[in-house]
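Note: hydrogens, waters and symmetry copies are ignored here, and every other heavy atom, side chains too, is used.
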Amino acid sequence: MTQKRTISIRALSIIAFIVLMILLAPILISSIYNRPINDDLVQPYPAKMAYRETGSVFQVILASIRETCRIWNDYSGIFSSMFLSVCAPYAFSHTLGYIHPILFSALLIFSCYKLVSCLRLFNKDIPSCYVHLLTPILSIALLTAMPNITEGLFWYSSAANYLFFFSISLLLFSSLLKTACHDGMAKGKQALLLAVYCIGFFFLGGCNWITSTSSILVYSFFALYIILQKKDRIPLLLPFLFLLAGYALAIIAPGNFNRQQMIGDKPSLPEAFILAFFKALSFCFSKGTFYLFPLLMLPVFARLSQYMPALPKHIWLLPVASICIIAACFFPMVYTAYYITYRHENIIYFIFTILLSINELVLVSWLAQRCSTVYQKGERFILTRVIAVVAAFALTLLAAFQTTFTLSPVTLSTNYAPLQASVHLLMGYTKNYATSYDDLVDTLRAGGEEEIMIESEIRSPIVGGPDFQWFTDHWVNTAFVKYYTDENTLLLRTRW
């Protein structure tokens, strides 16, 4: 009898990390051609002027703090993410759009690693290869399959508000859980970590409404766990108060009232509460692509289940709690009658993917503890089965993202971000966008004209573009002119 060839989970983890790097490469290379758009032309302007006048980074920070306070008073209560939006790399140069996609992607991957490494809290004997395999799979799911990569990664204001603080929330909660489960920690280290958690959760409370509201609910569940299981860790409830304090500071901002007047009427509190659950359930079943990468984790979870401890009887509470967290994401948007855009869908997708993966692991482990056909031992997979699963997954992924390929002539059309970015780089489309953008900037700065007509749309499907309008007094047109010329009299108009 011939022995079947196998492949270890450790080898698969190396391959998965290489695949992550390959898929991210065209996306991060595209960021070289990224330019400020929409709010990136408005919010960093005071910091940009401070740097131009003084050349001092310290003055840039001071100007950013002043502008954040002004926005808190006049427009919006979220202060921590707003500070990042104001103190942007674009304050120093409009060609620095490659910095935040690289840094934010690296931060998210690290956050996924810290989250997945919490598995070893259940059983310290879980091999590290499981952590090293699940981390790139989860990172690929979040970074390449988000509903809109332009608003999720390239638009700085959106990425700083949502992607960055989502990553910070993963880091904070992962570290908090590890601290709660760690015994024998020195008192000095405990005090230092507690201070870091208090500061971190305070600023998390002042970030975007979706992350802060859902974080409050997650911390509430964690507080219940501390009270019932870890009474000696009661001091870890102190950061919860700082999270609430940051959230309260964001809520009481006068700018919220001004913003609400522009949006209009809002539903009552009970109506918003109920509608948030309906939207949460609708979101969970809105797109089949949300389930693709979690399905890929099933074979890994089946092997991982051999290390999982006996699960409690009330595991049905986990999906209920998960739906509540998703509803918490929708609640502030519903209650303020704010239009849900791609950037909001991105962050909800991030949270949904994490919750779905956790529920999937618990379900597989529960089945494995009761059904011998699910329970699998060992850290090796049959190679032919791995190849078959990966091939089937790749074909399903391409079909789900509407990928078409022809040989004569050779064309590739797809909605999957890494492939789309690769095609646009090879065809020169992304570079052409940056060239057109820079040419318009040069034309504006050259002066000599009272009105400039834009003949064709300046936009990239990957990195986005300024949404110019045909009427000259639209805020995007005027903000673009002011950002690059410091003038309010020059007019910018489109023909479409």
Side-chain angles (χ1 to χ4, degrees), residues 18-38 40-41 89-90 93-106 108-109 139-159 163 287 289 292-293 341-343 345-346 349 394-395 397-442 454-468 476 480 494 496:
I18 293 173
V19 171
L20 171 62
M21 293 297 101
I22 291 174
L23 292 176
L24 280 184
I27 294 174
L28 298 183
I29 292 173
S30 297
S31 67
I32 297 174
Y33 306 108
N34 194 27
R35 298 292 186 267
I37 58 174
N38 301 336
D40 296 346
L41 297 164
Y90 294 132
S93 173
H94 76 279
T95 61
L96 296 180
Y98 60 89
I99 293 178
H100 67 270
I102 295 173
L103 292 181
F104 290 174
S105 297
L108 182 60
I109 294 170
S139 301
I140 292 171
L142 297 178
L143 285 170
T144 70
M146 67 180 80
N148 186 282
I149 198 167
T150 300
E151 294 194 12
L153 190 62
F154 292 106
W155 179 12
Y156 174 78
S157 178
S158 177
L163 178 59
K287 291 184 180 179
T289 54
L292 288 176
F293 286 96
T341 64
Y342 281 127
R343 59 185 179 273
E345 291 184 6
N346 282 336
Y349 164 74
L395 292 175
L397 182 73
L398 294 176
F401 283 93
Q402 301 176 359
T403 304
T404 58
F405 176 74
T406 60
L407 290 174
S408 181
V410 177
T411 59
L412 176 64
S413 175
T414 181
N415 290 329
Y416 188 48
L419 290 179
Q420 191 179 40
S422 300
V423 171
H424 282 251
L425 283 173
L426 291 173
M427 300 300 292
Y429 298 151
T430 313
K431 182 180 180 180
N432 290 342
Y433 157 75
T435 301
S436 300
Y437 188 107
D438 294 341
D439 288 344
L440 177 59
V441 171
D442 292 338
I454 304 174
E455 300 293 339
S456 59
E457 186 176 18
I458 301 176
R459 187 171 186 83
S460 162
I462 299 298
V463 300
D467 298 320
F468 294 125
V476 173
F480 193 93
T494 66
W496 59 89

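Counting heavy atoms from C-beta on, the side chains of Val463 and Tyr437 never come closer than 4.5 Å. Side-chain contact between Ile109 and Leu143 is present, with at least one heavy-atom pair separated by less than 4.5 Å. Between Ile149 and Gln420 the shortest side-chain heavy-atom distance does not fall below 4.5 Å. Looking only at side-chain heavy atoms (C-beta outward), Leu28 and Ser105 come within less than 4.5 Å of each other. For the pair Ile27/Leu23, no side-chain contact is recorded, criterion being any heavy-atom separation below 4.5 Å from C-beta on. Looking at Tyr33 and Thr435, their side chains never come closer than 4.5 Å, going by heavy atoms from C-beta outward. Counting only heavy atoms from C-beta outward, the side chains of Asn432 and Met427 never approach each other to under 4.5 Å. Residues Arg459 and Asp467 meet the side-chain proximity criterion, which asks for heavy atoms closer than 4.5 Å.
From Tyr90, atom OH reaches atom OH of Tyr156 across 9.5 Å, with rounding to the nearest 0.5 Å. Atoms CD1 and CG, on Ile140 and Leu292 in that order, are 12.5 Å from each other to the nearest 0.5 Å. Distance check: Leu96 CG to Ile32 CD1 gives 12.5 Å after rounding to the nearest 0.5 Å. Ser158 OG to His100 NE2: the interatomic distance, rounded to the nearest 0.5 Å, is 9.0 Å.
Taking each heavy atom of Ala141 and Tyr349 in turn, the nearest pair found is O-OH, 2.7 Å. The heavy-atom pair separating Ser30 from Thr430 by the smallest distance is O-CG2, 4.1 Å. Of all the heavy atoms in Ala400 and Thr289, the pair that sits closest is CB-CG2, 3.7 Å. Considering all non-hydrogen atoms of both residues, Phe154 and Ile462 come closest at CD1-O, 3.3 Å. In terms of heavy atoms, Met146 sits closest to Gly152 at SD-CA, 3.6 Å. The two residues Asn34 and Gly97 come nearest to each other via the heavy atoms ND2-O, 3.2 Å.
Ring geometry, Tyr416 versus Phe401: the interplanar angle falls from 30° to 60°, so the pair is classed tilted.
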Assess whether side-chain contact (heavy atoms from CB on, under 4.5 Å) is satisfied between Tyr433 and Ile458, documenting all intermediate values. CA-CA 6 Å; Tyr433 157 75; Ile458 301 176; 3.7 Å; yes

Could you give me the CA-CA distance, side-chain angles and deciding distance for Arg343 and Trp155, then say whether side-chain contact (heavy atoms from CB on, under 4.5 Å) is met? CA-CA 10 Å; Arg343 59 185 179 273; Trp155 179 12; 3.6 Å; yes

Hey, mind stepping through Phe480 and Leu440 against side-chain contact (heavy atoms from CB on, under 4.5 Å) and telling me if it holds? CA-CA 10 Å; Phe480 193 93; Leu440 177 59; 3.7 Å; yes

Side chain to side chain donor-acceptor pair (under 3.5 Å) for Tyr429 and Ser460? Distances and angles first, verdict last. CA-CA 7 Å; Tyr429 298 151; Ser460 162; over 6 Å; no

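Annotation: side chain to side chain donor-acceptor pair (under 3.5 Å) contacts of Thr414 (sequence neighbours excluded): Thr403. The salt bridge (charged side-chain N to carboxylate O under 4.0 Å, His left out) test applied to Asp439 returns no partner, not counting sequence neighbours.
Judged by distance alone, with hydrogens and angles left aside, the side-chain atoms of Asn346 form a donor-acceptor pair with the main-chain N or O of Asn148 at under 3.5 Å.
A salt bridge does not link Arg35 with Asp40: none of the charged nitrogens is closer than 4.0 Å to a carboxylate oxygen.
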